[in-house]
Structure formats: C-alpha cells, structure tokens
There are 2 protein chains.
Amino acid sequence: MKVAMLSSIAWKTPPEKYGPWERVVSLLTEGLVDRGIDVTLFAAAGSKTRAKLHAVAPAPYGEDKNLDPKVWECLRVAELFENSKYFDLIHNHFDFLPLTYSGLVDTPVLTTIHGFSSPKILPVYQKYNRRSFYVSISNADRAPGLDYLDTVYHGIDLENFTFRASPQEYLLFFGRIHHDKGAGEAIEIAARAGIKLLMAGIIQDEAYYRTQVAPYVDQDRVQYLGVAGPELRDKLLGNALALLHPINFNEPFGLSVIEAGACGTPVVAFNRGSMPEIIQNGVNGFLVADIDSAVNAVSKIRDISRRECREIVAKYFTRERMVENYLKIYRQIIAITKKADRRPWGHYEVLSERPDHKIKRIQVRPGGRLSLQRHRRRSEHWKKK
Amino acid sequence: MKVAMLSSIAWKTPPEKYGPWERVVSLLTEGLVDRGIDVTLFAAAGSKTRAKLHAVAPAPYGEDKNLDPKVWECLRVAELFENSKYFDLIHNHFDFLPLTYSGLVDTPVLTTIHGFSSPKILPVYQKYNRRSFYVSISNADRAPGLDYLDTVYHGIDLENFTFRASPQEYLLFFGRIHHDKGAGEAIEIAARAGIKLLMAGIIQDEAYYRTQVAPYVDQDRVQYLGVAGPELRDKLLGNALALLHPINFNEPFGLSVIEAGACGTPVVAFNRGSMPEIIQNGVNGFLVADIDSAVNAVSKIRDISRRECREIVAKYFTRERMVENYLKIYRQIIAITKKADRRPWGHYEVLSERPDHKIKRIQVRPGGRLSLQRHRRRSEHWKKK
C-alpha cells in the first residue's frame, strides 16, 4: 500500500516546539513505516522521518517570513495531486484546501479534520461530503450534516512518558496561554485549593498573559516556566498531583490530557468538547462544571489510581492504536474505491465507456478462466504475456 | 470554441464601482459573445453578462464580510476545473491559485497576469512556466525568467467616452488616492502650473489622504469629488486640459490613461512602468521625469492634438482590438495542445498506451479513408454509427 501523507507546513514534522497537527502526523507516519507501509510524507523541508520526504516549501513558513503561506500551501498541495497516480490513498491533515483538488484525480482522499477554525470554512467540507472521506478526532468535534467514516483519537508514544506513582505537591497547567485554555481559571483553582501551580506553554495571546496571568506569577506559588521541551514535559506532567484543564471552548481533542494520563497523572477538566470521551469521571480524573467543583475535585484527587490513569491511555490512546485504526480505514477506502476490478481469475480495467460501447483491458491469470458472459456484439483481441 | 472565463470575485463582473480586473474581464467576455464564442463566465453571483454565468460564491466577498475569501476562491476554482472537459480553453484572470489546478486537467489554461502583487508569488508562475500559457498586460510588466505567449493591452469601449475638442480650464487626477498613484504629486504640479485640480477616486490609503491630500483640498483650487461613476467619469476626463498621472510605481497598465485619451484628453505621466507603451511623447501626452518637467509639460499641453489622442486609442486600445488579440491566442493554444488528432478522414484518440500495445478509438467520416498502415499485430472492431 502506497500512502501520501499531507502534513501542515507551518512547522517541521515533527515540530521542534509547538505544532499539534505536525506532531500527530509524525507519530502516525512513523508507525505506518514500522508496519511496512510505503509512506511519502509531504511536509516542510527539514522534517525528520523514516518515510520518503517530499518537501516543496524550502522551510516551514512559521520560521521564514519571506515565504507567503498561501503560495506554498497551494504549490505543495498541487505537487502531491500531480503525483497522485503513484499512491493508493492520500491522507490529508491540512484542512480544507486539498479537498478542492480531490475531484480532479482518481486516488481516494481521506481527510482528518483537526478542528474547524471557523464556520466559514464549512462550505468546502459540505461540497466534498460523500465525494471524499472524513475522519473526526473526537465525536464531539463532528459538524452536523457531514458524514464521517469514523472517529480516530490521537495516540501518543508511551515510551516518551514515564509513569510516576508518587507525585509532588503541585498542580500543573500545560497548554497555550490563552483564554480558550483557561490559564486564568487554573490560577484561581490552584489558589483556592491552596496548592502551588506550575504553568508551561506558548504565550499565544500577549494581552491575555499580561492581564490574566502575569499579575499572579510570583515564581513561588504560581510559576510560569515558558515552553517545555520533551524532557521537562515528562517531568512536569509526571510529578504533578493533577493537570488542571479548565477549558473555555469545545476542544476537539486534548493531547496534554492523554500525555498527563500516560505519566499516571489525573486530570481535572471542564466538561466540554471531547473531554468526556477522554476522561472517565472519578476513574482517570474529574469532569467538572465550574471553578467551585474543580476545587472540590482537587481535594479528592488522591482517590484516583495513578496506575489506572496510565492504563486507560495504554488501552485507548497509544500511537499503535491510532495507526491500527487508520490502517483499517485505509483498507476500507481502497476496497470501496478501487478502479480496476480484481477477480479470482485476474482483473479488468475500463478504458472507455460510451452509451453505445465499452472498452476494457482484461488480464487473465495463467490457468484462470473468465466467467461466462453474453454480449450482442463483442470483439476481442488476445495477447499472450 | 468553448471558453471558460475565470474572473475575480472580489466584486461583481462588471464592477459597480472599483474593480479593474472585473472590468477588463467583462469587456472581453461580452466582446467574445458578440463574435459568437461560447463563453461561460465564472464570476460572483449578481454579475451581468450575455455569456453563461456560473456563479459559485453567493456574493462578491468584497461586499459580504461573512464570506471567507480563501474558501470561496478555492471552491470556485475547483468548480471550474471539475468542469474543464466541457471547455476547449480556460482563460484565467485570477492570479496564481488556478495555475496549481492546471496540471490535473487536459484543457489548456491561459493566464493573463494582471500584475505581481509581490515577488513572493513568483514561485507559482515559475513552476507552471511552459506548462501553462502566460500573457502580460504590458511589456514592462514581464517578470524575468517567465515565458510569455504575447502582450495584450487592455481595451475600452469607445462608445462610453465622448470626444471633446475644447476642454475647460482644469487638470484632473483620476485614480486610487494612494502614494503609488501620486495624488500628492498631482496637487503640487497643478499648484505650480497655476491651474485648478479636480480629483476623483477611491481613498485606498486613509492616512495618506489625511496627510498628503486633505490639507490641500479647498474645494476651489483643489477639489476632491469622491468616486466617479461612468457618467461623471466621461465628463471629468473629457473636459480636462490634461490628466496628471505622476505615478510612484511601475504601473503594469493605465486604464485611466487610455480612457482620458478616448475623450481627447492628453496625459502628463511619470515615465515609469507601462507608460511609454501607451503614451507617445509629444503626440498624445508627455512622458516626464519629475515634478519640474511635469509643470513644464502642462505649459505646452495645448500643442497636443486632442483628435490624435482619440485616434491612438481607437487604433491600439479598443475592446475590439483586445478581443481579436485574445481570439488569435486562443486559436494558437488550441492548435498547440489538441489531444485528439484530427485528420482529413476523421480523427483518433489514444485510450491507453503500454510498451507492448496501444489502444485507439478511430472515427472515420462517411466517405473518408484511413491512410495505409502496417502493424505486425492488429485487431479491429468496427461499428457503424
């Protein structure tokens, strides 16, 4: 099976710092390579992969302001589709633009919809609904009126997360510093619980950081640590009493939630978006409605089995599980869309079809025998290979 | 000949106010319809045409802020290319995005490059150079390294511009109020020439208007009249002593310059961009280097024959001339790219080609006769229509 994997080119695949789409694409790609799948990864130059790398943009546009994102987006999508005949399937992780090329090629296109940036982009997904294949990253993120083949949860590489049975005495906020992620709410919850709060993540909204976060950061009871690389991330997540995840939007999936779980750390999350699909209330964390109930949940956090937190991730949210789920979907799509019909005796391909005639190339295996058919007019020309 | 014409969808085609690309597309489309060409115009809903209108966007995105331009641009380009087999040629007036779909269809694509908004967009034109066809709107606007089939100047409808032999005592600035167009320079030239200045055009740069224009507008010696519709435009252009066109950029073409000429009004222009291709110095205006020489040119403006100004436009810059030039190019492209080979006896089409065999569908006209050929192996199946 030959798969073209279309990543985002805002950052390298995998990303050096931030870049959740690129991170998931990398985990999936390397997992497919491990299973012997022939994958060509369309990603920014400098990306690291054991698949074949096909880079069109000379650098990620997030790193080089001389690159016009619109220009390099369409150039590289075109490059992929111009090579589509070499692939059995195109797996698109790059939002709506590639869909608009999908009607011009025969290769089936699967799109993982990593979230809707705005309802204004829905018309593209509506047009290609049922003409292309969609996968959602949680049931919560499905748009009404679109047909999805399946939901595939993101998976992580368990080896990168150390299980820690005995946490230290702090709570953790881990994510973009932005109203959506509830950084301010996390500060209030920790203060009322009377427990120290560590915070890590990119400052996505400067004004929000300045007014809602910075005034409380004393580097003692509230500490902001900047962006955490893989090693610090593993320690921060694993040693926390709990991850606070008081989101203010319907988050389509929570990577940091499963990363915490992999370390054995339970999560206290506002019950929105995909959270009830990741957290079993009282088992690997608590789903809460507001700050009051979050504070209450923190007081009961030691009732949660840290071993169970890790086991839930190991069962539902590993890279292996994600790869297997996608492989199953790839096989299903290829079976649905195959152009040439394979039969026990060989296969045939329709070269041309008109109202008054049809031209096929038929190949019969040695010893094979065609099923008997009758046509009013028929002309054959046989050639021995 | 069936032509798909791809306009911009920022505004309706033709535009109600501003919209130079949409204006040129409209003039060309209607001119082709007059010559019996089967044109399908891909433009925003609400566009007015005698061609077939294929609107995808529910409104021009310049008029409806609920429409995401990127979404509707790619949706409608896709719609055109998905229908490409119904056309002999696609004529793209919509910048670089459509080129990235052109490699996926057999229909040839001609792109009129209406100017380069930035050197950052050049990589797309470079990739599709020689794989697609380019026309420049002036020789001055050609990018080094790109191959152009031809230059086709924009044309106007002479009937919309009244020739006026005896002008009134004012100079005119007609264009976007922006540094590029030299609105400030026009004010200085008129002041130093001691002649009243009328100004019309959209305020594209508010800060520029506030600091460089508004302080001089006294509605007596310097009058700003807002945006001029077709009727006022005809009067303003026709009654002016001269059009001042002291541009600060290499303008790829100057529609207002030929519109002035059509009314008999000479133009004093800075000698940049396409100006020397439109203005013959001393014949239908003056090409000048700076404000000093512009003031000097204004003092000699009555030496210019207003009749000659109109005649130059009638000879080189009419809609008819533009339509004929494009038609010639369309025929040339279709001849170069035809897929099915047409012969005196009929035509043939290659359905499949492999190293060891080839499959053709051949159609012979009644009374026609194939040329004699010999093949080592050959199988035929004939069918009477």
Side-chain angles (χ1 to χ4, degrees), chain A residues 56-58 61 65-85 95-106 117-128 131 349-354 356-357 359-361 377-385, chain B residues 56-58 61 65-85 95-106 117-128 131 349-354 356-357 359-361 377-385:
Chain A
V56 175
Y61 60 72
K65 294 304 167 201
N66 289 318
L67 301 177
D68 182 318
K70 196 178 159 188
V71 162
W72 291 101
E73 283 172 7
C74 68
L75 264 182
R76 82 200 200 78
V77 171
E79 181 83 7
L80 186 156
F81 279 91
E82 287 164 6
N83 286 290
S84 63
K85 65 178 170 200
D95 220 347
F96 62 83
L97 182 68
L99 286 173
T100 66
Y101 297 72
S102 66
L104 305 173
V105 302
D106 291 326
S117 56
S118 151
K120 289 182 186 176
I121 73 173
L122 272 168
V124 188
Y125 292 102
Q126 283 156 353
K127 171 169 176 176
Y128 293 95
R131 296 171 57 178
E349 194 180 345
V350 176
L351 298 174
S352 170
E353 196 162 0
R354 293 274 174 94
D356 58 355
H357 69 281
I359 301 172
K360 287 181 185 176
R361 179 195 286 112
R377 286 164 196 271
R378 181 175 178 139
S379 163
E380 294 174 3
H381 173 65
W382 289 94
K383 197 175 167 309
K384 207 171 169 182
K385 276 279 192 185
Chain B
V56 176
Y61 59 71
K65 294 303 168 201
N66 289 319
L67 302 178
D68 181 318
K70 196 178 159 188
V71 162
W72 291 100
E73 282 174 6
C74 68
L75 265 183
R76 80 199 202 79
V77 171
E79 180 83 8
L80 185 156
F81 279 91
E82 287 163 6
N83 286 289
S84 63
K85 65 177 171 202
D95 222 345
F96 63 83
L97 182 67
L99 286 172
T100 65
Y101 297 72
S102 67
L104 305 173
V105 303
D106 291 326
S117 56
S118 150
K120 290 183 187 175
I121 72 174
L122 271 168
V124 188
Y125 292 103
Q126 282 156 353
K127 170 169 178 178
Y128 292 95
R131 296 171 59 177
E349 194 181 345
V350 176
L351 297 176
S352 170
E353 198 163 359
R354 293 273 173 97
D356 58 355
H357 69 280
I359 301 172
K360 287 181 186 175
R361 179 194 286 111
R377 287 165 195 267
R378 180 177 180 136
S379 163
E380 294 174 3
H381 173 65
W382 290 95
K383 194 172 172 310
K384 207 170 169 183
K385 276 279 190 183

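Values in this document were obtained by computation on a predicted structure and should not be read as measured data. Heavy-atom basis, side chains included; hydrogens, waters and symmetry copies ignored. Residue numbers begin at 1 in each chain, while the letters A, B, ... track the order of the sequences.
- Here the side chains of B:Thr100 and A:Val77 are not in contact, with every heavy-atom distance at 4.5 Å or above.
- Using a 4.5 Å cut-off between heavy atoms, B:Glu73 touches chain A through its side chain atoms alone.
- Residues passing the salt bridge (Lys or Arg N to Asp or Glu O under 4.0 Å) test with B:Glu82, sequence neighbours excluded: A:Lys127, A:Arg131.
- Between chain A and the residues B:Trp72, B:Phe96, B:Phe81, the most heavy-atom pairs under 4.5 angstrom are made by B:Phe96.
- For B:Tyr101, the parts lying near chain A are the backbone and the side chain together; criterion is any non-hydrogen pair under 4.5 Å.
- Looking at B:Val105, the atoms closer than 4.5 Å to chain A (heavy atoms on both sides) all sit in the side chain, from C-beta outward.
- In this structure, the side chains of A:Ser118 and B:Asp68 stay at 4.5 Å or more apart for every pair of heavy atoms.
- Between the NZ atom in A:Lys120 and the NZ atom in B:Lys70 there is a gap of 13.5 Å [rounded to 0.5 Å].
- Of the listed residues (A:Asn66, A:Leu75, A:Leu122), the greatest number of heavy-atom pairs within a distance under 4.5 Å of chain B belongs to A:Leu75.
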